[in-house]
Amino acid sequence: LALLAVAAATLALASVLWRSPSLGPEERALQHRVLQPEPAGAAAAVAQRPGESEEERLQRLRRPVYPRPWLPPSALGELGRAVSLQLDETSKKLQEESIQRHQINTYLSDRISLHRRLPERWHPMCKEKKYDYENLPQTSVVIAFYNEAWSTLLRTVYSVLETSPDILLKEVILVDDYSDREHLKEQLENHLSDLPKVRLIRANKREGLVRARLLGASIATGEILTFLDCHCECHDGWLEPLLERIHEEESAVVCPVIDVIDWNTFEYLGNAGEPQIGGFDWRLVFTWHVVPQREQKRRRSQIDVIRSPTMAGGLFAVNKRYFEYLGSYDTGMEVWGGENLEFSFRIWQCGGSLEIHPCSHVGHVFPKQAPYSRNKALANSVRAAEVWMDEYKEIYYHRNMHARKEPYGDVTERLQLRAKLKCKNFKWFLDNVYPELHVPEDRPGFFGMLKNRGMTDYCFDYNPPSENEITGSQVILYPCHGMGQNQFFEYTKHNEIRYNTRQPEGCVAVDAGTDHLTMYLCSKNAPENQKFIFKEDGSLYHVQSKKCLQAEAKASNGSPAPLLRTCTDSKYQQWFFQERS
Ligand code: UD2
Ligand code: MN
């Protein structure tokens, strides 16, 4: 009831624009049937017609809402090919400006057809799958957008209409989250008014993606809600697997495989191999990783759904009733971030399951960098931690000093929801859903900044080669900044010095014959060259080389660093952890 009231209140604030589509008589009949689904009538419409082969019947049922116009195979970007334009100086400048503005090369996007086809990038077995169109539930596709470029937004809409079977798609609901760009005003309304099943609704203040999506959900009439970002392209056959799985298991929340569309060339980079699943690190940053063995064993076929501890956030389908039962979203979350982990924890802890269907592929343009300010993400993550993570939230706070101090508002209602639904605790989630995640020990006095008694302003510091790669570089000493992150280390009972703010975790090691520290991936049984004994006197004794770590002002690379030296009682060989400055 409370949920309904919230939805109604928000709805009253928004203006709803609903243009009736212009349809031919045949489509109108179909539309009529879709809007008033009568089981018997629907069954008759999907039944085999006289003289029709089974293949023809299936083809008829698969018919999309909107026929994809034919394009010559040589068309720009057709079949997901990479595009690079030969431009004169003036046009180059325009292209650069478009990237500045959207963090996506929209100058190039504008020159690619809104109706381009994608290459086939699914497992071959997916093509053979037969669906029970008669009985699959219908979906409302909800797409929230904020200041999106014209062509990426419209390509998303056409892509949905051109790949979704008419009998499965109830409507597409676009939610304008208070954009201020001219092309999203009248021009957009005029364009959409010619499209079947497309509705546009506008928020009258900036709601952020959580409340914008809920606004769309509140007017949705389909049994299933399917959320997409506003810069997507759907692969053929993307919708059926999602709906089939939810039809079979109401409490399953199902994500498509998210294929990358390059922001600069619009190349479609999906592949038919095993998709990755979602995780997170202890900064509460979403991560991708390979499907673990135990999950491979559980699955009976390569096209079975894959259970995933978390979702990326933007693309998923859920039964509308189940979504409401689960408490939809935390409406205290602003703008961007955090809602994906919050929802993932909630799904699992409250009895549902989160899955990726390998036969459902959707492309998503990952921008060059964030196109708008995301400074609310921290508070959103803290809300997620406070409501779902129990004592494990401390592990997060140890690694993000700002998080502990961030004002996050009131979460009483979310805690009540958790109690009402009798959700399991976070330990259960870690043990059963995400056992691959290493849980740091964080013993008092053994984590935080690793400091030296001789060079007290300097801390162990590690700068990984890139955001996706942590191994290979050297550990140095750098002026302490007190913010965790690159200066956060943990000493474990297994005698490792772990760099564990990220996933996968790094372990400090010594390459044979060298005197400096190199980062390796941690492994289950710490290899000898990763073992250090942290002694009472503060020395860090490297077992294999029988030497001690000493703070030196100049390593071979010129910066201060901890180096292996013969053990002495010098204060430069005495180390201690400090949790915060
Ligand atoms: C990812 C998700 C995104 C969301 C986010 C975490 C994918 C592919 N994308 O980041 O869906 O879960 O992580 O929060 O999984 N939007 C609004 N109002 C706003 C901000 C955004 O309507 O104030 C819209 C935006 O136009 C887009 C969607 O919300 O359609 C997601 O935003 P994004 O594309 O900037 O997020 P992304 O893909 O970087
Ligand atoms: Mn996005």
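Numbering of residues begins at 1 and proceeds along the displayed sequence. Given the structure is predicted, the values throughout are model-derived calculations rather than measurements.
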Note, [X] side chain near [Y] side chain (heavy atom, < 4.5 Å):
X    : Y    : answer
Q503 : T287 : yes
I104 : I99  : no
F145 : D229 : no
I277 : P309 : yes
D457 : P479 : no
F489 : V508 : yes
E274 : V291 : yes
D180 : N147 : yes

Which pairs, with at least one residue in residues 89-129 and sequence neighbours excluded, count as a disulfide bond (SG atoms under 2.5 Å apart)? C126-C359
Would H102 and W263 satisfy ring pair (Phe, Tyr, Trp, His ring centres under 6.0 Å), going step by step from the backbone distance to the final call? CA-CA 10 Å; H102 297 283; W263 63 267; over 10 Å; no
At their closest point, which heavy atom of [X] faces which heavy atom of [Y], and how far apart are they?
X    : Y    : value
P241 : G237 : CD-O, 3.0 Å
E207 : R211 : OE1-NE, 2.7 Å
V362 : C232 : CG1-CB, 3.9 Å
R155 : F266 : NH1-CE2, 3.8 Å
V210 : T331 : CG1-CA, 4.2 Å

For ring pair (Phe, Tyr, Trp, His ring centres under 6.0 Å), just list the numbers for Y458 and Y478, CA-CA rounded to whole Å, side-chain angles, deciding distance to a tenth of an Å, and then say yes or no. CA-CA 5 Å; Y458 281 77; Y478 197 80; 7.7 Å; no
Results of ring pair (Phe, Tyr, Trp, His ring centres under 6.0 Å) for Y462 - residues two or more places apart only: Y499
Among residues at least two apart in sequence or on other chains, which ones pass side chain to side chain contact (heavy atoms under 4.5 Å, CB included) with [X]?
X    : answer
K92  : L87, E89
P165 : Y133, L168, L239, E240
S113 : L71, H115

In Y434, Y396, W288, the residue satisfying ring pair (Phe, Tyr, Trp, His ring centres under 6.0 Å) with F280 is Y434
Could you name each residue pair satisfying salt bridge (charged side-chain N to carboxylate O under 4.0 Å, His left out) that touches residues 99-114, not counting sequence neighbours? none
What residue pairs, at least two apart or across chains, pass salt bridge (charged side-chain N to carboxylate O under 4.0 Å, His left out) with a residue in residues 468-479? none
Among residues at least two apart in sequence or on other chains, which ones pass side-chain hydrogen bond (donor to acceptor under 3.5 Å, both in side chains) with [X]?
X    : result
N271 : none
D281 : R283
T152 : E148

Evaluation steps, salt bridge (charged side-chain N to carboxylate O under 4.0 Å, His left out), between R121 and D236: CA-CA 9 Å; R121 295 290 164 78; D236 278 326; over 6 Å; no
Compute the centroid of each ring, for F227 and then for F323, and state whether the two points are separated by less than 6.0 Å.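 Centroid distance F227-F323: below 6.0 Å, so yes.
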Decide salt bridge (charged side-chain N to carboxylate O under 4.0 Å, His left out) for E334 and R206; before the verdict, give the C-alpha distance in whole Å, the side-chain angles of both, and the deciding distance to 0.1 Å. CA-CA 9 Å; E334 304 290 334; R206 177 81 176 273; over 6 Å; no
Any chance you could measure R62, atom CZ, to Y131, atom OH, to the nearest 0.5 Å?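 The CZ atom of R62 sits 9.5 Å away from the OH atom of Y131.
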Once rounded to the nearest 0.5 Å, what's the spacing between atom CZ of R399 and atom CG of L284? 10.5 Å
State whether the side chain of D461 and the backbone N or O of L477 hold a donor-acceptor pair below 3.5 Å, judged by distance alone. no
Does the pair K185/E182 count as a salt bridge with the N-to-O cut at 4.0 Å? yes
Tested for side-chain contact (heavy atoms from CB on, under 4.5 Å) against T221, the lone hit among E171, K320, Q138 is E171
Can you list everything that forms a salt bridge (Lys or Arg N to Asp or Glu O under 4.0 Å) with E267? Sequence neighbours excluded, please.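 Testing E267 for salt bridge (Lys or Arg N to Asp or Glu O under 4.0 Å), a comparison that skips the adjacent residues, returns none.
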Just grab all the ring pair (Phe, Tyr, Trp, His ring centres under 6.0 Å) pairs involving residues 61-84, residues at least two apart or on different chains. Y66-Y158
